[in-house]
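Accompanying notes for the structure given below.
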There are 2 protein chains.
Amino acid sequence: MTKTPVDRTEPAEALTNLILTLFRVNNRTLAWGDRLMAPLGLTSARWQVLGSIAYAERPQPVAWLARDLGVSRQNVQRIVNDLRRDGIVAYAPNPHHLRAHLVVMTETGQHIYDAAIHRYNAEVNALADGLSAAKIETAHHILRCLHSKLEGDDHAQESS
Amino acid sequence: MTKTPVDRTEPAEALTNLILTLFRVNNRTLAWGDRLMAPLGLTSARWQVLGSIAYAERPQPVAWLARDLGVSRQNVQRIVNDLRRDGIVAYAPNPHHLRAHLVVMTETGQHIYDAAIHRYNAEVNALADGLSAAKIETAHHILRCLHSKLEGDDHAQESS
DNA sequence: GTGATTTCGACAATATATTGACATATCGAA
DNA sequence: TTCGATATGTCAATATATTGTCGAAATCAC
């Protein structure tokens, strides 16, 4: 009943270290974002949802925003409800769907988001100072590869 | 009252994209880990705590494990309580402290952790397949730089 | 030693996020 | 058109994680 030991390949060993660091950086970055956005009444989570709305070319329903962010639609729904209660976003009618309203920023929301971008830009420059753009892009590339592989896994799981 | 616009430097622009991908990869990786560890009765969170125990050279109290992981000690405390209830870890007396017991794996816990490593190794090789070890290490280096900068921010905040 | 400070576990409240279940709406194929 | 599959919002339960507070233990300055 002893299992055959499985050794890690060289890239797998490197990847393991990367993942462990990834978790820690993720936590730190969220904390940094929370602190940065707190004066605007935003959190990292709210700011990510707003960013998703701003990045999209046209208004989208909640479920599409959730898919884009890679989180559950129920979670995005809760955040959108909160943002709507606070007058930061609103619903617009969806010509293609009776129930799936489109999420749009209010004028207030747009101002808050602009201020968030402003604060973010000022801080991210300091954060990136001394880092090579080329190396950052290499890191980005690796993470995107990882993302697409994991995405494939998820979808394979869903369909089984 | 118009604010001076702040532009992003080139590395800051690259870093922004990296961070957005980072969030998504973090989510996917946690989901991947959850699915991988589910048959063993573990979650990504539990597995991370076990890893922290296994990596340490000597048994540590809950607060030290939390600091190592960069999360709140209350969170680790809850996970350790659950793991203890399930017979995966146990407390050992701490000769240096009456209340801060040391967290150790039980024999059962060690077996589960070994099985977790075994499952992980088999999967991480596939995940790393086709990725360059050198590029992964560049990515790791960038994330560690980011981590230390953010850590500095956090500590600066604490002391203010 | 003594006292102030820090560390640590415990408890409570809240925020964040996922999963499951359900009803309704949409879409596609028969 | 009708029926089955999928998409969507909603509600509930649970898991995950942080923050604040408290009392006890340990540490440090003096």
Side-chain angles (χ1 to χ4, degrees), chain A residues 23-24 26-35 37-38 41-49 59-86 89 91 93-103 154-155 157-159, chain B residues 23-24 26-35 37-38 41-49 52 59-86 89 91-103 154-155 157-159:
Chain A
F23 291 148
R24 288 164 171 77
N26 183 73
N27 290 339
R28 297 282 184 190
T29 306
L30 290 175
W32 172 78
D34 281 341
R35 210 169 50 240
M37 297 305 165
L42 296 181
T43 61
S44 287
R46 287 172 161 220
W47 180 56
Q48 279 188 67
V49 170
Q60 295 182 332
V62 166
W64 293 26
L65 295 175
R67 239 194 312 275
D68 178 47
L69 288 170
V71 297
S72 68
R73 64 184 204 285
Q74 291 90 333
N75 185 27
V76 174
Q77 183 73 59
R78 178 185 53 78
I79 295 172
V80 166
N81 290 344
D82 291 349
L83 289 173
R84 199 160 80 103
R85 185 200 56 207
D86 293 353
V89 304
Y91 284 143
N94 185 346
H96 301 327
H97 200 297
L98 277 185
R99 302 171 63 203
H101 305 306
L102 302 176
V103 184
D154 284 0
H155 292 164
Q157 181 69 13
E158 284 169 10
S159 65
Chain B
F23 291 149
R24 288 164 172 77
N26 183 75
N27 290 339
R28 296 283 185 190
T29 306
L30 289 177
W32 172 78
D34 281 341
R35 210 168 51 241
M37 297 305 165
L42 296 181
T43 61
S44 286
R46 285 172 163 221
W47 179 56
Q48 280 188 65
V49 170
S52 190
Q60 294 182 335
V62 166
W64 292 27
L65 296 175
R67 237 194 314 274
D68 177 48
L69 287 169
V71 297
S72 67
R73 62 183 206 285
Q74 291 88 336
N75 184 27
V76 174
Q77 183 72 60
R78 178 184 52 76
I79 295 173
V80 165
N81 289 344
D82 291 349
L83 289 173
R84 200 161 80 104
R85 184 200 56 207
D86 293 353
V89 304
Y91 283 144
N94 186 345
H96 300 325
H97 201 297
L98 275 185
R99 303 170 63 205
H101 305 306
L102 302 175
V103 184
D154 284 0
H155 291 163
Q157 181 68 13
E158 284 170 9
S159 65

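Here is how names work: the chains are called A, B, and so on, in the same order as the sequence lines, proteins then strands, and each is numbered from 1. Since the structure is predicted, the reported quantities are computational estimates derived from the model, not experimental observations.
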Paired with A:Val62, the side-chain contact (heavy atoms from CB on, under 4.5 Å) test is passed by just one of A:Asn81, A:Val103, A:Asn75, A:Val49, namely A:Val103
Output the rounded distance in Å from CZ (B:Arg73) to P (C:dT6). 14 Å
When rounded to the nearest 0.5 angstrom, what distance separates CG in B:Leu65 from CZ in B:Arg73? 13.0 Å
Could you check whether A:Arg46 gets within reach of a base, just the sugar-phosphate, or nothing at all, counting any heavy atom under 4.0 Å? nothing
Round to a whole Å and report the spacing from CG of A:Asn26 to P of D:dT16. 16 Å
Output the rounded distance in Å from CG (B:Leu69) to P (D:dA17). 10 Å
Looking only at side-chain N and O atoms, does A:Arg78 come under 4.0 Å of OP1 or OP2 in D:dG9? no
Measure the CG-CZ distance between B:Asn94 and B:Arg99 for me, rounded to the nearest 0.5 Å. 12.5 Å
Return the nearest nucleotide to the side chain of B:Gln74; candidates are D:dT18, D:dT16, C:dC8. D:dT18
Euclidean distance, atom CG of residue B:Leu102 to atom P of C:dG9 [Å, nearest integer]: 10 Å
Value in whole Å for how far the P atom of C:dT18 lies from CZ of B:Arg35: 14 Å
Both A:Ile79 and B:Arg67 contact DNA chain C. Taking the nearest nucleotide for each, which residue is further toward the 5' end? B:Arg67
D:dA7 phosphate, OP1 or OP2: any side-chain N/O from A:Trp64 under 4.0 angstrom? no
Which nucleotide in D:dA17, C:dC8, D:dA26 has an atom nearest any side-chain atom of B:Ala45: D:dA17
Residues B:Arg46, B:Asp34: salt bridge by 4.0 Å N-O rule: no
Within the pair A:Asn75 and C:dT16, is there a side-chain N or O less than 4.0 Å away from OP1 or OP2? no
With rounding to the nearest 0.5 angstrom, report the CG to CG distance, B:Asn26 to A:Leu30. 7.5 Å
By nearest-nucleotide position on DNA chain C, the 5'-leaning member of A:Val76 and B:Ala100 is B:Ala100
Once you round it to whole Å, what is the distance between P of C:dT7 and NE2 of B:His96? 17 Å
If you check the B:His97 side chain, which of C:dA10, D:dA26, C:dT26 turns out closest? D:dA26
At less than 3.5 Å, do the side-chain atoms of B:Arg99 and the base atoms of D:dA24 form a donor-acceptor pair? yes
What is the distance, to the nearest angstrom, from the CG atom on B:Asp82 to the P atom on C:dA10? 13 Å
The side chain of A:Ala63 is closest to which nucleotide in this list: C:dG9, D:dG9, C:dT16? D:dG9
Does D:dT16 have OP1 or OP2 under 4.0 Å away from a side-chain N or O of B:Thr43? yes
In whole Å, what is the span from the CG atom of B:Asn27 to the P atom of D:dT16? 15 Å
Going by heavy atoms in the side chains, are A:Trp64 and A:Leu102 under 4.5 Å from each other? no
State whether B:Gln77 places a side-chain N or O below 4.0 Å from either non-bridging phosphate oxygen (OP1 or OP2) of C:dA10. yes
